[in-house]
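Here the structure is laid out as structure tokens; the discussion comes afterwards.
Naming: A, B, ... by sequence-line order, numbering from 1 per chain.
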Amino acid sequence: MNNKNFYITTPIYYPSGKPHMGHAYSSIIADILARFNKIDGKSVFFLTGTDEHGLKIQREAEKNNKNPIEFCNELSKKFKDLTLTLNLSNNDFIRTTEKRHYESVKNIWNKLYDNGNIYLDKYSGWYSVSDEAYYDEDETETIDGNKIAKSSGSKVDWVEEESYFFRLSKWSEKLLEHYDKNPEFILPPSRKKEVVNFVKKGLKDLSVSRTSFTWGIKVPQNNKHVIYVWLDALTNYISALNYPNINDKLYKEFWPANIHIIGKDILRFHAIYWPAFLMAAEIKLPDRVYGHGWILSDEKKMSKSLGNILDPIEIIDKYGIDQLRYYLMKDVSLGNDGNISLENLTNCINNDLANNYGNLCQRVLTFVEKNCDNSIPIPSKRTVEDEVFNKRIIDEVDKLRSLMNKQDINNYIKTVVNFSFEANKYFNDTEPWSFKKTDKIRMEQIIFTILVQIKNISILLNPIIPVATKKVFKMMNLNPEDCKIQNINNNDILKHKKKLNEKNILFKKVENDN
RNA sequence: CGCGGGGUGGAGCAGCCUGGUAGCUCGCAAGGCUCAUAACCUUGAGGUCGGCGGUUCAAAUCCGCCCCCCGCAACCA
């Protein structure tokens with residue numbers, strides 16, 4: 001692992017239902033960071049995948065009269081299809097039902113077992129069959145002589161189950177030390193506070209096996225048990241790099257990961273269990289875990305009963321993938337929960353994409369077509385105004401890079417969109433149309449200057465809206481390979497006198513028909 | 001006193017760590033331009049920054065108390 005390489009992951013998704021907006025959101029964030037690092041010259045490995053074991057899936061499979069793996073093939077495919085729908089640039093798609101993952105998990109299990117971090121004991125508690133969940137004593141109450149769970153009201157029974165445990169408790173201090181020494185291991189800071197306070201209260205050992213179902217990876221020492229969720233699921237992040245073969249090229253180049261993108265709901269597992277497992281297995285820890293907020297609809301979690309579901313696939317069908325990507329990144333503050341609505345989506349598409357960036361491209365390229373022989377003009381003499389205008393972006397590249405390295409996608413977009421405003425203003429103020437007859441040389445200089453700006457804005461927007469920016473490069477007859485951060489300060493990629501390709505409206509406006 | 005987040009013009013948010021004329025996008029009003037997707041540019045109206053109190057020359061920003069909303073509270077992706 002060196003700073004030329006960049007490894008980023010999405011959560012490993014549990015495909016018990018169809019993919020929803022939360023999955024799309026996590027994946028889009030990760031994709032944008034992956035794409036940015038790619039155009040910034042890094043070698044990027046971007047992983048996503050599905051976590052396919054467990055009781056829920058076993059039951060569903062039985063209900064559908066399928067064997068679990070057949071059933072998983074179908075479920076997993078929906079998530080794999082989503083990577084295409086979302087236009088993800090992932091290098092791999094891992095499934096926890098794959099052989100490579102089995103080997104990886106068994107290896108890490110054995111390591112933990114052999115070095116005394118896993119032991120056999122009994123797991124006990126108040127179990128609700130209908131909730132499929134254990135409850136603590138204080139989460140239950142007795143009504144009319146029946147013991148019930150407070151939260152659901154369902155009947156609970158005292159159940160004891162043999163289980164293997166991971167000695168999580170003994171890692172508390174080490175974890176706190178790690179958080180302390182690596183202040184950006186958990187981001188955003190508010191999430192870190194939550195985790196630190198939680199760990200400070202002391203950790204209980206973690207049950208890492210089950211005997212109540214069979215759909216999983218068998219415990220090597222005892223085939224009555226299957227390895228339970230987290231030790232199985234989280235390990236995917238190294239399985240995909242061909243762990244346990246630590247001399248493998250992928251593993252050597254990309255572990256430890258630069259960042260795991262996850263939702264705040266699974267923060268604890270990624271910020272506590274995962275580093276503890278890794279420390280216990282003497283594997284290096286990832287650099288960062290970023291727990292983003294939730295996407296809400298009408299201030300609430302989306303649910304069928306509330307009827308406020310915004311389905312990513314439907315939205316993409318109707319509005320387009322770049323539109324959804326841009327909207328989610330622009331309108332939702334990454335670390336916090338964010339409300340989304342169709343109304344805001346259409347506003348965002350119409351204003352930022354259609355009227356601003358889209359129309360900028362349209363007005364300039366049309367101008368080139370009509371007044372510059374449809375080819376990129378030769379610049380002559382730049383005025384101070386031209387110079388200052390172009391330089392603004394060049395001067396901000398370092399700042400933009402550091403925003404992306406902090407996962408501050410909101411401010412990144414804000415800054416870039418501002419360049420688009422400035423470009424429209426420049427075009428207005430310099431009035432190239434007024435030179436059509438009087439000073440063609442000045443006119444061509446203005447057009448060249450703004451083409452440079454469109455090129456640069458498009459490079460910067462490429463990670464967010466890859467389809468549209470690729471179109472712009474095509475329309476300008478630029479080599480798509482040149483869509484790189486380093487070319488922001490390189491105008492040689494704009495070949496003079498080169499004819500533009502056919503152009504189309506980039507973003508159509510949407511009627512607000514809600 | 002369990003942990004954490006939030007309460008800022010009509011809407012959605014930033015600013016709070018590192019106090020000093022309250023910022024952005026949308027919406028609204030007026031003007032300009034005409035190259036462009038009735039797009040673009042400029043200007044303006046609109047806020048006692050949840051409440052009370054404290055520190056300070058100065059507080060949205062620091063401290064204390066209170067009110068309201070939302071997550072988490074361990075095996076649930």
Side-chain angles (χ1 to χ4, degrees), chain A residues 11-17 22-23 26 50-51 54 56 123 125 131-136 138-139 151 163 165-166 168 188-198 200-208 210 228-230 233-234 262-270 272-273 293-294 296 299-301 330-333 335-341 343-344 347-348 350-356 358-371 410-411 413-414 417-418 420-434 436 443 446-447 450 504-509:
Chain A
I12 182 140
Y13 300 119
Y14 198 67
S16 61
H23 298 118
S26 294
T50 44
D51 168 27
K56 232 186 222 171
Y123 187 78
D131 298 352
E132 290 175 24
Y134 278 94
Y135 293 98
D136 272 350
D138 58 6
E139 290 176 302
S151 55
S163 171
F165 283 82
F166 171 72
L168 184 61
S190 56
R191 296 273 136 66
K192 178 187 172 177
K193 264 187 230 167
E194 256 177 64
V195 170
V196 169
N197 283 324
F198 184 81
K200 273 187 180 158
K201 286 194 287 188
L203 297 168
K204 285 199 274 186
D205 286 352
L206 180 72
S207 164
V208 287
R210 284 290 187 277
Y228 190 56
V229 58
W230 296 109
L234 294 170
I262 55 159
K264 64 177 185 179
D265 45 337
I266 50 172
L267 177 66
R268 202 164 280 176
F269 315 116
H270 282 78
I272 300 174
Y273 300 174
W294 278 342
L296 309 173
E299 306 275 341
K300 298 197 181 70
K301 260 182 109 165
K330 165 81 190 305
D331 232 36
V332 178
S333 168
N336 303 323
D337 291 353
N339 271 300
I340 62 170
S341 69
E343 192 189 345
N344 290 342
N347 279 341
C348 182
N350 290 343
N351 294 315
D352 283 31
L353 295 178
N355 292 349
N356 198 309
N359 183 53
L360 171 71
C361 296
Q362 181 71 12
R363 72 194 295 203
V364 172
L365 297 184
T366 304
F367 195 95
V368 171
E369 183 183 18
K370 290 182 182 163
N371 304 295
N410 302 112
N411 277 315
I413 292 181
K414 210 171 161 185
V417 168
N418 210 35
S420 188
F421 286 133
E422 285 178 13
N424 273 312
K425 180 172 165 53
Y426 172 86
F427 204 74
N428 268 38
D429 293 351
T430 53
E431 301 183 5
W433 53 87
S434 70
K436 271 190 222 173
M443 183 194 82
I446 291 169
I447 295 306
I450 198 156
N504 295 299
I505 298 271
L506 263 193
F507 296 101
K508 290 206 177 85
K509 291 230 234 181

Give the B/S/- string for nucleotides 38-46 of chain B, one per nucleotide from 5' to 3', where a protein heavy atom under 4.0 Å of the base yields B, of only the sugar-phosphate yields S, and otherwise -. -SBBS----
Inter-nucleotide C1' distance (G47(B), G64(B)), Å rounded: 26 Å
Distance between the C1' atoms of A59(B) and G19(B), in whole angstroms? 6 Å
Look at all strands and tell whether Leu267(A) reaches a base, only sugar-phosphate, or nothing, counting heavy atoms closer than 4.0 Å. nothing
Before you tell me yes or no, could you show the steps for Tyr426(A) and Ile450(A) under side-chain contact (heavy atoms from CB on, under 4.5 Å), namely the whole-Å CA-CA distance, both residues' side-chain angles and the distance that decides it to 0.1 Å? CA-CA 8 Å; Tyr426(A) 172 86; Ile450(A) 198 156; 4.0 Å; yes
For Asn350(A), does its backbone N or O pair with a side-chain atom of Asn355(A) as donor and acceptor, under 3.5 Å? yes
Separation between CD (Gln362(A)) and CG (Leu506(A)), nearest 0.5 Å, reads 8.0 Å
What residues form a side chain to side chain contact (heavy atoms under 4.5 Å, CB included) with Asn411(A), not counting sequence neighbours? Leu403(A), Asp408(A), Lys414(A)
Nearest-Å distance once atom P is located in both C52(B) and U8(B): 16 Å
Which whole-number value in Å describes the distance from Glu343(A) CD to G12(B) C1'? 10 Å
What interatomic distance, in whole Å, is found between C1' of C41(B) and the corresponding atom of A36(B)? 13 Å
Are Asn197(A) and G4(B) close enough that a side-chain N or O sits under 4.0 Å from OP1 or OP2? yes
Short side-chain to backbone donor-acceptor contact, Asp205(A) and Leu168(A), under 3.5 Å: yes
Does a nitrogen or oxygen in the side chain of Tyr273(A) sit under 4.0 Å from OP1 or OP2 of C75(B)? no
Which whole-number value in Å describes the distance from Phe269(A) CZ to C76(B) P? 9 Å
What's the verdict on side-chain contact (heavy atoms from CB on, under 4.5 Å) for Val229(A) and Leu234(A), showing C-alpha distance, side-chain angles and the deciding distance? CA-CA 8 Å; Val229(A) 58; Leu234(A) 294 170; over 6 Å; no
Give the rounded distance in Å between these two atoms: NE2 of His270(A) and P of C76(B). 17 Å
Base, sugar-phosphate, or nothing for Leu365(A), non-hydrogen atoms under 4.0 angstrom? nothing
Can you measure from CD1 (Ile340(A)) to CH2 (Trp294(A)) and round to the nearest 0.5 angstrom? 14.5 Å
Considering only A36(B), G71(B), C33(B), which nucleotide approaches the side chain of Trp433(A) most closely? C33(B)
Under 4.0 Å, counting only non-hydrogen atoms across every strand here, what does Phe198(A) touch: a base, just sugar-phosphate, or nothing? base
Note every stem involving RNA chain B: at least three consecutive Watson-Crick or G-U wobble pairs, i with j then i+1 with j-1, with both distances under 3.5 Å. B:2-7 with B:67-72, B:10-13 with B:23-26, B:28-32 with B:40-44, B:50-54 with B:62-66
Just to be sure I understand the rule, does Asp265(A) reach a base, reach only the sugar-phosphate, or reach nothing, if contact means heavy atoms closer than 4.0 Å? base
To the closest 0.5 Å, what do you measure between CZ (Phe507(A)) and SG (Cys361(A))? 8.5 Å
Does Tyr13(A) have any ring-ring contact (aromatic ring centres under 6.0 Å, His included) partners at least two apart in sequence or in another chain, and if so, which? His23(A), Phe79(A)
Looking at every strand, decide which applies to Asn504(A) at a 4.0 Å heavy-atom threshold: base, sugar-phosphate, or nothing. nothing
With rounding to the closest Å, how many angstrom separate the C1' atoms on U34(B) and U42(B)? 16 Å
Can you check the distance between C67(B) and A22(B), where both ends of the measurement are the C1' atom (answer in whole Å)? 25 Å
Gap in Å between the two P atoms, one belonging to G23(B) and one to G9(B), rounded: 14 Å
Provide the distance between the two P atoms, one in G7(B) and one in U61(B), to the nearest whole Å. 12 Å
Mind checking if Ile266(A) touches a base, just sugar-phosphate, or nothing, with heavy atoms under 4.0 Å? sugar-phosphate
Could you check which of C75(B), A74(B), A36(B) has an atom nearest any side-chain atom of Arg268(A)? A74(B)
Starting the side chain at C-beta, find the nucleotide from C75(B), G4(B), A36(B) nearest to Tyr228(A). C75(B)
Over how many whole Å does the gap from Leu353(A) atom CG to A36(B) atom P extend? 21 Å
Nearest-0.5 Å distance that lies between atom SG in Cys348(A) and atom CG in Leu353(A): 5.5 Å
Decide yes or no for Arg363(A) and Asn428(A): does some side-chain heavy atom of the first lie under 4.5 Å from some side-chain heavy atom of the second? yes
Under the side chain to side chain contact (heavy atoms under 4.5 Å, CB included) rule, collect the residues that match up with Phe367(A), sequence neighbours excluded. Asn371(A), Phe427(A), Pro432(A), Trp433(A), Lys436(A), Met443(A), Ile447(A)
Supply the atom-to-atom distance Asn424(A) CG to Asn359(A) CG, rounded to the nearest 0.5 angstrom. 6.5 Å
If you round to the nearest 0.5 Å, how far is CD1 of Ile262(A) from CG of Asp265(A)? 8.0 Å
Over how many whole Å does the gap from Asn347(A) atom CG to C28(B) atom C1' extend? 14 Å
With a centroid cutoff of 5.5 Å and a plane-angle limit of 30°, would you call Phe367(A) stacked on C35(B)? no
When Asn371(A) and Lys201(A) are each assigned the nearest nucleotide of RNA chain B, the 5'-most assignment goes to Lys201(A)
How close or far is atom P of U25(B) from atom CD1 of Ile340(A), stated in whole angstroms? 23 Å
Protein N or O to nucleotides 5-9 of chain B N or O, pairs below 3.5 Å:
unit_1: G5(B); atom_1: OP1; unit_2: Lys193(A); atom_2: NZ; d: 3.0

Without decimals, in angstroms, what is the distance between Tyr426(A) OH and C35(B) P? 18 Å
Distance in angstrom units between Asn410(A) CG and A14(B) C1', rounded: 9 Å
